[in-house]
Amino acid sequence: MAAPIAVAIDAPEIETAARWASAVAPHVSTVKVGLELYLRYGPEVITTVRGANKVEVFLDLKLHDIPATVAGAARNIARFKPSILTVHAAGGRDMVKAAVEAAPQTQIAAVTVLTSLDEKALDEIGMRGPASETARRLAVLAVESGARALVCSPWEVASLRAEVGPDITLITPGVRPAGAERGDQARVATPEEAVEAGADLLVIGRPITRAADPGAAAASIAAALRRAQATPSS
């Protein structure tokens with residue numbers, strides 16, 4: 001069974017993206033296409049990374065605009081059948097609702113607080129209070145607006161699960177295997193920690209795609225997750 005991992009395919013060109021997607025597809029449930037790759041190649045990249053694989057495509061565009069514009073964008077994107085599309089919860093209630101209504105067959109995932117932001121950065125942009133409280137407020141708003149998935153750091157997973165219940169999919173970037181570099185992520189956890197906290201889908205990029213063998217790296221992390229899930233926590 002494929003592990004609940006979305007491999008961030010942040011490749012510089014579409015050929016590399018396709019190769020990485022094929023390498024990891026036997027081991028993970030999902031591949032994630034980000035803004036940079038989508039802007040360079042457009043919808044073609046969705047078809048290409050999906051290929052002949054059964055892997056799901058997570059389109060991480062983090063849409064954030066007025067409701068009418070986001071609705072139009074989501075409607076156009078939905079034609080290419082990504083499994084997940086992200087919007088910013090900070091765009092507000094009407095914007096999230098517009099995306100949900102425009103793409104009913106696509107799971108709209110609302111981004112709460114970017115994992116690159118720490119408390120100081122949040123304060124600088126006017127989001128007062130702890131990151132956990134900001135994420136909670138945005139999560140509640142998004143779910144009330146129809147979002148069925150949330151993107152949050154592993155640090156907020158447990159509290160958001162308690163807040164929104166078991167039926168909302170929690171997606172966690174900022175996941176790094178033990179010993180891996182943090183990169184530009186501020187609020188991180190290991191895959192095992194994120195799943196134990198209640199995450200449904202783990203976003204992992206560079207620890208897999210920058211490995212000498214991305215397929216083997218994905219297989220290794222997937223196996224570690226299966227072992228952790230099979231071992232009862234004390």
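Note that the numbering runs from 1 along the sequence shown for the chain.
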So for atom CZ, which belongs to R93, do other residues, nucleotides or ligands contribute more than 12 heavy atoms lying within a distance under 6.0 Å?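 Yes, the 6.0 Å shell around CZ holds more than 12 heavy atoms from other groups.
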Are [Y] and [X] connected in a single hydrophobic cluster, I mean Ile/Leu/Val/Met/Phe/Trp/Tyr linked by side-chain heavy atoms less than 4.5 Å apart?
X    : Y    : answer
V111 : V157 : no
L37  : I204 : yes
L63  : I108 : yes
L138 : V140 : no
V28  : L225 : yes

Could you tell me whether a side-chain N or O of [X] sits under 3.5 Å from a main-chain N or O of [Y], the two making a donor and an acceptor?
X    : Y    : value
S220 : A216 : no
T172 : S153 : no
E193 : T190 : yes
N76  : G72  : yes
R75  : E101 : no

Measure across [X] and [Y] and return the closest heavy-atom pair with its distance rounded to 0.1 Å.
X    : Y    : answer
A222 : H27  : CB-O, 3.8 Å
P154 : V175 : CG-CG2, 4.2 Å
A99  : V87  : CB-CG1, 3.9 Å
A142 : L150 : CB-CD2, 3.9 Å
A110 : A147 : CB-CB, 4.3 Å
V55  : S29  : CG2-O, 3.4 Å

Between [X] and [Y], is any pair of side-chain heavy atoms under 4.5 Å apart?
X    : Y    : answer
F80  : V57  : no
K62  : L35  : no
T106 : K81  : no
L201 : I84  : yes
L122 : V113 : yes
D10  : T209 : no
L160 : R136 : yes
I125 : L117 : yes

Under the side chain to side chain contact (heavy atoms under 4.5 Å, CB included) rule, what do M95 and H64 come out as? Steps first, then yes or no, please. CA-CA 8 Å; M95 192 208 78; H64 190 167; 4.2 Å; yes
Enumerate the residue pairs fulfilling side chain to side chain donor-acceptor pair (under 3.5 Å) with a member in residues 30-51, sequence neighbours excluded, ordered by first and then second residue.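 Matches after skipping sequence neighbours: K32-D60.
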Can you list the steps and then say if W20 with V49 is a side chain to side chain contact (heavy atoms under 4.5 Å, CB included)? CA-CA 8 Å; W20 287 350; V49 300; over 6 Å; no
Looking at R19 and E15, is there a salt bridge between them, counting it only when a charged N and a carboxylate O are closer than 4.0 Å?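 Looking at R19 together with E15, the answer is no, because their closest N to O distance does not fall below 4.0 Å.
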Any salt bridge linking D200 with R161? Criterion: basic side-chain nitrogen under 4.0 Å from a carboxylate oxygen.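 Judged by the 4.0 Å cut-off on N to carboxylate O distance, D200 and R161 do form a salt bridge.
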Would you sort out whether E156 and T112 count as a side-chain hydrogen bond (donor to acceptor under 3.5 Å, both in side chains), showing the intermediate values? CA-CA 10 Å; E156 288 92 54; T112 55; 5.2 Å; no
OG1-CG distance between T86 and L59, expressed to the nearest 0.5 angstrom: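 Answer for the OG1-CG pair, T86 versus L59, is 7.0 Å.
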